[in-house]
Amino acid sequence: MFFLGFTWNPDDTLFKLGFLQIKYYNLLWIVAFALGWYIMKRIFDREGRSREDLDSLFIYMVLSTMLGARLGHVFFYDWDYYQDHLIEILLPIRERAGSALFGLINGYEFTGFTGLASHGAAIGVIIGMYLFSRKHKDFSVLYLLDRLVIPTALGAFLVRLGNFFNSEINGKITDASFFLGTRFVRDSDDMPARKAMAITGEDIPNAAYHALEDNPQFSEYLEAIPYRHPSQLYEGVLYLGVFALLYYLYWKTSKKDQPGYLFGLFFVALWTIRFFVEFVKKSQGGFEESLGLLSTGQWLSLPLIAVGLYFMFRKPKSYGGS
């Protein structure tokens, strides 16, 4: 059957324009923000809010999401690396010997914005909405969050789809006969680019990975790559369900008028999904070794689930008093 033990080996770059690389992951982020703007436009139109407020909110949302996601990855998962590479924290580059950024700056390569943490994004958005509400007094933080979680859930699905195209955040090893068991040829642990190039003799990672899959000469190396859970797809499909639920509750019920309920439900659903998917996800590092028992992602999800439960079941208040 097609869905039993398949090989996944796409180039993460959709196309190139000179030195500029258009990657699936970055493109799906753009699509997520574009759809988010459209959904919020429908909500603002329904509630009589202005286009100027929407455009201002969109800027706050983009900046707070990207900054929060990036800093979350840096500090929650990879500070040991970034403390010695501070310039890479907010720039889409990576140190790599033998590379030349834009053909001018030796020792660096353009990577696009990779290394983003959803827990950091959640914190960033909350801070961003607080700052927005301080400037726009007729918006409360909870009013904003109750509506923004709807497109955010859809965006979370698209981001995980981007992770799948990037062959990153892969799952733990499983059997080839397992439903959706996936051989990620470009898994950074199973077959890093440097190793693929050494095996095939190719000078370009993309060519090396395709040679591994297509050239029978390297079949033993391909067969040695284990099948893994496509944890990005598990997570993404469930996030799509969260989006459908929130969308229905906003448009078809009165839950949108209960301050904090949709925001709380989003937190409970999203981080519960994240908590359980972590059981089949490969370790992403962070502080889990020092705490033990659970992964970094699970430890970070627990307090956010508690926050969600609080807002779902607290005594309802008006948006003006939130």
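Predicted, not measured: the structure shown is a model, and the values here were computed from it.
- A heavy-atom distance below 4.5 Å is found between the side chains of D190 and P226.
- Proximity of a side-chain donor or acceptor of N9 to a complementary backbone N or O of Y209 within less than 3.5 Å is detected.
- In terms of the ring pair (Phe, Tyr, Trp, His ring centres under 6.0 Å) criterion, F157 has no residue partners (sequence neighbours excluded).
- Side-chain polar atoms of Y38 and R42 form no donor-acceptor pair below 3.5 angstrom.
- In this structure a side-chain-to-backbone donor-acceptor pair under 3.5 Å is present from S295 to Q298.
- Relative ring orientation between F276 and F279 is described as tilted, the plane-to-plane angle lying within the 30° to 60° band.
- In this structure, OH on Y60 lies 8.5 Å from CE on M129, to the nearest 0.5 angstrom.
- For CD1 of I204, the number of neighbouring non-hydrogen atoms (other residues, nucleotides, ligands) closer than 6.0 Å is 12 at most.
- Residues in residues 215-225 take part in these side chain to side chain donor-acceptor pair (under 3.5 Å) pairs, two or more places apart or across chains: R183-E223.
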Do E235 and K281 pass the side chain to side chain contact (heavy atoms under 4.5 Å, CB included) test, and can you show the C-alpha distance, the side-chain angles, and the key distance before you say yes or no? CA-CA 10 Å; E235 211 169 330; K281 186 185 295 184; 3.0 Å; yes
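- Among the candidates L54, I150, D45, the single residue satisfying the side-chain contact (heavy atoms from CB on, under 4.5 Å) test with M40 is L54.
- Not a single donor-acceptor pair under 3.5 Å links the side chain of E213 to the backbone N or O of V185.
- Following chains of ILVMFWY side-chain contacts shorter than 4.5 Å, one can reach I39 starting from Y248, so the two form part of one hydrophobic cluster.
- Proximity of the aromatic rings of Y239 and F243 is defined here by a centroid distance below 6.0 angstrom, and this criterion is not met.
- Side-chain contact between L28 and F165 is present, with at least one heavy-atom pair separated by less than 4.5 Å.
- Under the 4.5 Å side-chain heavy-atom criterion for grouping Ile, Leu, Val, Met, Phe, Trp and Tyr, Y24 is not connected to I30 through any hydrophobic cluster.
- With Y143 as the aromatic partner, R49 meets the cation-pi criteria of under 6.0 angstrom to the ring centre and within 45 degrees of the ring axis.
- Note on ring orientation: taking the six-membered ring where Trp is involved, the planes of F33 and F58 are perpendicular (angle over 60°, cut-offs 30° and 60°).
- Looking at every heavy atom in both residues, L309 comes nearest to V268 through N-CG2, 3.4 Å.
- Note: W8 and F164 have parallel aromatic rings, judged against thresholds of 30 and 60 degrees for the angle between ring planes.
- Here the closest heavy-atom approach between residue S133 and residue S140 is recorded as CB-C, 4.3 Å.
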Would you check, one step at a time, whether the test side chain to side chain donor-acceptor pair (under 3.5 Å) holds for S50 with D53? CA-CA 5 Å; S50 71; D53 285 337; 3.2 Å; yes
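- The pair D146-K256 fails the salt-bridge criterion, with no side-chain N (NZ, NE, NH1 or NH2) lying under 4.0 Å from an Asp/Glu carboxylate O.
- F218 and Y227 fall into different hydrophobic clusters, defined by Ile, Leu, Val, Met, Phe, Trp and Tyr side-chain heavy atoms under 4.5 Å apart, directly or through other members.
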Would you mind writing out the side-chain donor-acceptor pairs for residues 117-124 within the sub-3.5 Å range, not counting sequence neighbours?
from: S118; atom 1: OG; to: R274; atom 2: NH1; distance (Å): 2.6
from: H119; atom 1: NE2; to: G297; atom 2: O; distance (Å): 3.4
from: H119; atom 1: NE2; to: S301; atom 2: OG; distance (Å): 3.0

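- With rounding to the nearest 0.5 Å, the separation of CZ in F184 from CD1 in I169 is 11.0 Å.
- Side chain of R228 to backbone of G171: a donor-acceptor contact under 3.5 angstrom is found.
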Given side chain to side chain contact (heavy atoms under 4.5 Å, CB included), test V277 with I273 step by step and report yes or no. CA-CA 6 Å; V277 172; I273 290 169; 4.1 Å; yes
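- In terms of modelled atom types and a separation under 3.5 Å, the side chain of T272 and the main chain of A269 share no donor-acceptor contact.
- You'll find the side chain of F6 reaches within 4.5 Å of the side chain of L180, heavy atoms only.
- Here the closest heavy-atom approach between residue H136 and residue S56 is recorded as CE1-OG, 3.4 Å.
- To the nearest 0.5 Å, the span separating NE2 on H229 from CZ on F178 amounts to 4.5 Å.
- Between R314 and P259 the shortest side-chain heavy-atom distance falls below 4.5 Å.
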Side chain to side chain donor-acceptor pair (under 3.5 Å) between N170 and R186, worked out: CA-CA 10 Å; N170 301 325; R186 300 173 188 240; over 6 Å; no
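- Of the candidates T152, L262, I43, I43 is the only one forming a side-chain contact (heavy atoms from CB on, under 4.5 Å) with R147.
- Taking the six-membered ring where the residue is Trp, the centroids of F132 and F139 are separated by under 6.0 Å.
- Within the 4.5 Å cutoff, the side chain of I199 has heavy atoms near those of the M191 side chain.
- T65 contributes atom OG1, which lies 6.5 Å from atom CH2 of W29 (distance to the nearest 0.5 angstrom).
- A32 and G155 make their closest contact through CB-CA, 3.8 Å (heavy atoms, listed as atom of the first residue, atom of the second, distance).
- Considering CG of L240 and CG of L233, their distance stands at 12.0 Å, rounded to 0.5 Å.
- What you find for Y261 and L249 is that their closest heavy atoms are CE2-CD1, 4.5 Å.
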Given L35 and L158, is the side chain to side chain contact (heavy atoms under 4.5 Å, CB included) satisfied, shown in steps? CA-CA 10 Å; L35 289 177; L158 292 168; 4.0 Å; yes
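- The two residues R134 and Y130 have their closest heavy-atom pair at NH1-OH, 2.7 Å.
- L63 and V125 fall into different hydrophobic clusters, defined by Ile, Leu, Val, Met, Phe, Trp and Tyr side-chain heavy atoms under 4.5 Å apart, directly or through other members.
- Between the side chain of T200 and the backbone N or O of A196 there is at least one donor-acceptor pair closer than 3.5 Å.
- Clustering ILVMFWY residues whenever any of their side-chain heavy atoms sit less than 4.5 angstrom apart, transitively, puts W271 in the very cluster that holds L302.
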Before you tell me yes or no, could you show the steps for H73 and L116 under side chain to side chain contact (heavy atoms under 4.5 Å, CB included), namely the whole-Å CA-CA distance, both residues' side-chain angles and the distance that decides it to 0.1 Å? CA-CA 5 Å; H73 173 78; L116 304 172; 5.5 Å; no
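- Here CZ of R160 is found 7.5 Å from OH of Y25. Values are rounded to the nearest 0.5 Å.
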